[in-house]
Protein chains: 2
Amino acid sequence: MQKAVQRQQTRDRILDAAEELFAHRGYEGVSVRQIMSQAGADVSLAYYHFKSKRDLFDQVMLRKAETLNALRLKALEALERRHPDDAPTIEEIIGAFTKPLLELLADNHEEWQHYFQLIAQINSSSEWGGELMTRYFDPLVSRFIEALRKALPECSNEDLYWSYHFLSGALTLTFAETGRIDNLSGGVCRSSDMRAINDRMPAFLAAGFRALADKPRD
Amino acid sequence: MQKAVQRQQTRDRILDAAEELFAHRGYEGVSVRQIMSQAGADVSLAYYHFKSKRDLFDQVMLRKAETLNALRLKALEALERRHPDDAPTIEEIIGAFTKPLLELLADNHEEWQHYFQLIAQINSSSEWGGELMTRYFDPLVSRFIEALRKALPECSNEDLYWSYHFLSGALTLTFAETGRIDNLSGGVCRSSDMRAINDRMPAFLAAGFRALADKPRD
DNA sequence: ACTAGTATTCAACGATCGTTGAATATGTGC
DNA sequence: GCACATATTCAACGATCGTTGAATACTAGT
């Protein structure tokens, strides 16, 4: 086997193990030894491939963030190309924001579920959330808000940002598939039911955006 | 000073320190030593007042959960008493769910902010969230969903639970005041602007509930 | 086949972790 | 004021933490 190939395989095995464990137990809840044990390699190999535990965590975040951002941007640009003159509906824009997540989960559920759980934890943390979310996701988010602004020209900036904030909370919790809704509903709803999510989330959130846009404040 | 009083004061000092540190850095991110250092007491005193680190964490959760649940229940019952025949609006029910949080933050911001940050972290965690949220909050949540069902008789159970799920995500992220919206909006919106939240969140979410209730699925 | 460089393992460092038992101080009831 | 119970401190346990330097196995180029 090629050396460069094996190197990448090892790196990926470490990243996969780290991703899963970080997602389940958080950054501080997992030791480098546990990660390397799950990856089937020696502890010190982690420090050959990565500078530190924190660097390993950052690389876990970065790896899939790029894929995700690229897919979301592509979905948004495709949507805008389909509407050269008029603006798309809010549902369509939100759909471009959520569809890529649904498709990634459909393709490789386990892998991406771990990643979305990780994002949910970061997003809800006051300690790390700020820097990480800003670095990896805010640029694309601003791009989406721009699209939403065009579709809701009468909406104030403040209403727009708050609406997106509510969207962000609903979205990150939903895609983390925490199982909270399974418990609460007694089995009526399932966290993993992506069809149910796709049928409801864009409609729910678009109605919220319009409610704030149509009812300007004093 | 009375001994029983001092005992309770010490216990509370430990719980306060634990609450703040757990909220900022998570359960695993904080050591018992750090907590007791902030509380200004010896390490082993933690194990005199609490069985273990995990027990200390549970007591932090329990302490304010009871206050919070009582206030929310009172707000809901007062609302229902004001509507003996007809059902309240969705906005009013959601308001009864959020108003107590706003009032607690207005009274003692710092203290409750820490607690809401803690809830947000728990709610986004697949590991702990299930058990803890179910134990402390789901009973009251079911009570609220019951009220919402009466106000939306044509809404299916599934739509109702998903709507609440979206509400839950938006609400926990918002009250955690992570500062995410401050960064994203470049200062246009502030996480701590409770007036802005009160003016927008119920309207946004109520519109979402109605959008799902009015558009039944196939 | 030999060498140079890369990937992986071994062994260990000091620090800190959660937790405990015994010793000490402090206030309470008689 | 004395005896008792309760509250707090002191000192330490073994385990595990993140990290490192040196030794070894392996592969690629010649």
Side-chain angles (χ1 to χ4, degrees), chain A residues 1-63 118 121-122 125 127-128 132, chain B residues 1-63 118 121 125 127-128 131-132:
Chain A
M1 183 165 0
Q2 296 224 40
K3 212 164 193 183
V5 173
Q6 183 144 12
R7 175 191 174 86
Q8 191 56 43
Q9 283 185 354
T10 304
R11 247 185 83 98
D12 283 341
R13 266 197 1 263
I14 300 175
L15 286 170
D16 288 342
E19 189 174 86
E20 178 174 345
L21 291 173
F22 283 149
H24 277 108
R25 302 209 278 271
Y27 176 77
E28 322 260 11
V30 178
S31 72
V32 180
R33 283 171 171 83
Q34 290 169 337
I35 292 169
M36 299 309 289
S37 164
Q38 166 139 341
D42 190 89
V43 205
S44 49
L45 197 51
Y47 294 87
Y48 176 73
H49 286 281
F50 307 93
K51 299 189 345 199
S52 63
K53 184 187 182 185
R54 179 56 200 261
D55 179 48
L56 170 54
F57 181 83
D58 283 349
Q59 299 307 321
V60 167
M61 289 297 299
L62 250 180
R63 184 171 58 151
L118 203 46
Q121 286 189 32
I122 299 303
S125 147
E127 170 95 321
W128 301 34
L132 284 178
Chain B
M1 182 161 4
Q2 297 222 38
K3 212 162 193 183
V5 172
Q6 183 142 15
R7 175 191 173 87
Q8 191 57 42
Q9 283 186 354
T10 305
R11 246 185 84 99
D12 282 343
R13 262 194 9 259
I14 299 175
L15 286 170
D16 288 342
E19 190 174 86
E20 178 174 346
L21 290 172
F22 283 149
H24 278 107
R25 304 208 276 270
Y27 176 78
E28 322 261 11
V30 178
S31 74
V32 180
R33 283 171 171 85
Q34 291 170 334
I35 293 170
M36 298 309 289
S37 164
Q38 166 139 342
D42 190 88
V43 204
S44 48
L45 198 51
Y47 294 89
Y48 175 73
H49 286 280
F50 306 94
K51 298 188 348 199
S52 63
K53 183 186 182 185
R54 178 55 199 261
D55 179 48
L56 170 55
F57 181 83
D58 283 349
Q59 300 305 323
V60 168
M61 289 296 299
L62 251 179
R63 185 170 58 150
L118 204 46
Q121 287 189 32
S125 146
E127 170 96 322
W128 302 38
E131 191 207 353
L132 285 178

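Labels below follow one simple rule: chain letters A, B, ... track the order of the sequence lines, proteins then strands, and each chain is numbered from 1. Given the structure is predicted, the values throughout are model-derived calculations rather than measurements.
Distance CD (Gln6(B)) to P (dA25(C)): 16 Å, rounded to an integer number of Å. Nucleotide dT9(D) holds its C1' atom 13 Å from the CD1 atom of Ile14(B), rounded to whole Å. Look at CZ on Arg13(A): it is 12 Å from C1' on dA7(C), rounded to the nearest Å. Computed from coordinates, the Arg7(B) CZ to dT26(C) P distance equals 18 Å when rounded to whole Å. Asp42(A) places its CG atom 13 Å from the C1' atom of dA25(D), with the value rounded to the nearest Å. Remark: P of dT16(C) and CD of Glu28(B) are 19 Å apart, rounded to the nearest angstrom. Regarding Gln8(A), its CD atom lies at a distance of 16 Å from the P atom of dT6(C), rounded to whole Å.
Using a 4.0 Å cut-off between a side-chain N of Lys or Arg and a carboxylate O of Asp or Glu, Lys51(A) and Asp58(A) do not qualify as a salt bridge.
In this structure, CD1 in Ile14(A) is found 5.0 Å from NE2 in His49(A), a value given to the nearest 0.5 Å. Taking CD of Gln121(B) as the start and CZ of Phe22(B) as the end, the distance is 11.0 Å to the nearest 0.5 Å.
With DNA chain C read from its 5' end, the first of the two nearest nucleotides for Thr10(A) and Tyr47(B) is the one closest to Thr10(A). Between Gly40(A) and Arg33(B), the residue anchored nearer the 5' end of DNA chain C, judged by the nucleotide with its closest heavy atom, is Gly40(A).
Tyr48(A) has no side-chain polar atom (N or O) that falls below the 4.0 Å cut-off from OP1 or OP2 of dT8(C). The side chain of Ser31(A) contributes an N or O atom lying less than 4.0 Å from OP1 or OP2 of dC17(D).
As judged by a 4.0 angstrom heavy-atom cut-off over every strand, Ser44(A) is placed among the base-contacting residues.
Looking at heavy atoms from C-beta onward, Arg63(A) lies in side-chain contact with Asp12(A) at the 4.5 angstrom threshold.
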